[in-house]
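Take a look at the structure below.
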Amino acid sequence: MSTANDIGGSGKTGGTAAPWRAVVLTIFPDMFPGVLGQSLVGRALADGVWTLDAIDIRDFAFDRHRSVDDIPFGGGPGMVLKPDVVDAALAVAIAKAPANAPVLYLSPRGPRFDQERARALAAAPGVVLLCGRFEGVDQRVLDKREVAELSLGDFVLSGGEPAAHCVLDACVRLLPGVLGAAESLGEESFEDGLLEYPQYTRPASWDGRDVPAVLTSGHHANVKAWRRAQAEKITAERRPDLWAKRQAQTQH
Ligand code: SAH
């Protein structure tokens with residue numbers, strides 16, 4: 001029985017540190033690495049900074065139709081992922097993941113994923129992500145395995161895989177060595193509780209629009225002050241929730 005696809009991380013290692021290890025449970029293993037195989041995050045995968053195992057839940061089905069889902073007790077539309085099959089897949093996933101890696105079910109009912117959670121996950125040795133499909137997963141296996149839930153936002157996806165892509169992307173770019181100095185994290189949106197200031201590149205004048213004069217002044221302190229003022233203005237206008245949180249934090 002093939003239980004897992006080793007998708008990456010076998011290349012040269014990104015230093016002496018153990019790689020960050022992601023284990024994903026899905027009925028669509030071909031969706032991985034998918035977008036995670038490209039660009040910065042894909043390079044980090046090829047370099048062994050992180051590893052990705054996509055475990056096919058269907059490999060743990062035990063009937064001859066390889067069924068992973070069944071009708072919901074109590075009626076209603078759709079199908080539910082079976083507890084016994086998911087449990088067997090989770091046992092293998094947990095054994096493959098580093099000890100103490102959080103086990104998370106992507107679900108619209110979970111707390112919302114954000115930069116703070118991305119930082120916490122990136123600081124863990126890795127993560128196990130369970131991707132739901134259909135109407136979701138039988139509650140008993142979530143209870144038994146004490147699986148925490150994690151949502152991407154207040155909308156419903158057709159499956160957990162695109163959410164897993166987003167979570168893994170956000171975590172991996174925080175791992176040491178993934179972003180070069182040129183892409184440093186310091187002034188990014190959310191890193192200091194503010195949304196980012198507007199960015200401009202050449203040409204300085206385009207389509208009758210000039211970049212703000214301060215940015216071409218060469219006066220670093222003024223550039224810094226302008227960017228900070230812009231970041232504050234944008235945050236206050238667009239995200240009063242973030243702004244209020246920041247105001248409360250900076251008051252003491
Ligand atoms: N019946 C469920 C939705 C099922 S959608 C409900 O109403 O809550 C199918 C799968 O997509 C879910 O099991 C989950 O893994 C994933 N999914 C859907 N929306 C999501 C979201 N906002 N964040 C994370 N995962 C999501």
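All ligand and atom numbering here is 1-based and tracks the order in the structure.
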Could you list, one pair per line, each nitrogen or oxygen of ligand 1 together with any protein nitrogen or oxygen closer than 3.5 Å, giving atom names and the distance rounded to 0.1 Å?
unit_1	atom_1	unit_2	atom_2	d
ligand 1	1 (N)	Glu135	O	3.1
ligand 1	1 (N)	Glu135	OE1	3.1
ligand 1	11 (O)	Gly159	N	3.4
ligand 1	11 (O)	Gly160	N	3.4
ligand 1	13 (O)	Tyr105	OH	2.7
ligand 1	15 (O)	Leu106	O	2.5
ligand 1	15 (O)	Gly132	N	2.9
ligand 1	19 (N)	Leu157	N	2.9
ligand 1	22 (N)	Gly153	O	3.1
ligand 1	22 (N)	Phe155	O	2.8
ligand 1	23 (N)	Leu152	N	3.0
ligand 1	25 (N)	Ser107	N	3.3

Side-chain heavy-atom pair Val147, Leu104 within 4.5 angstrom cut-off: no

Sorted by chain and residue number, the side-chain contact (heavy atoms from CB on, under 4.5 Å) partners of Asp210 (sequence neighbours excluded) come out as Ser205

| said: Side chains of Glu191 and Gln115, heavy atoms from C-beta outward: is any pair under 4.5 Å? | reply: yes

Contacts satisfying ring-ring contact (aromatic ring centres under 6.0 Å, His included) that involve residues 140-174 (not counting sequence neighbours) are Phe32-His165

Here the side-chain hydrogen bond (donor to acceptor under 3.5 Å, both in side chains) pairs for residues 67-85, sequence neighbours left out, are Asp63-Ser67

With Arg140 as partner, the option from Asp138, Val137, Leu142 fulfilling side chain to side chain contact (heavy atoms under 4.5 Å, CB included) is Asp138

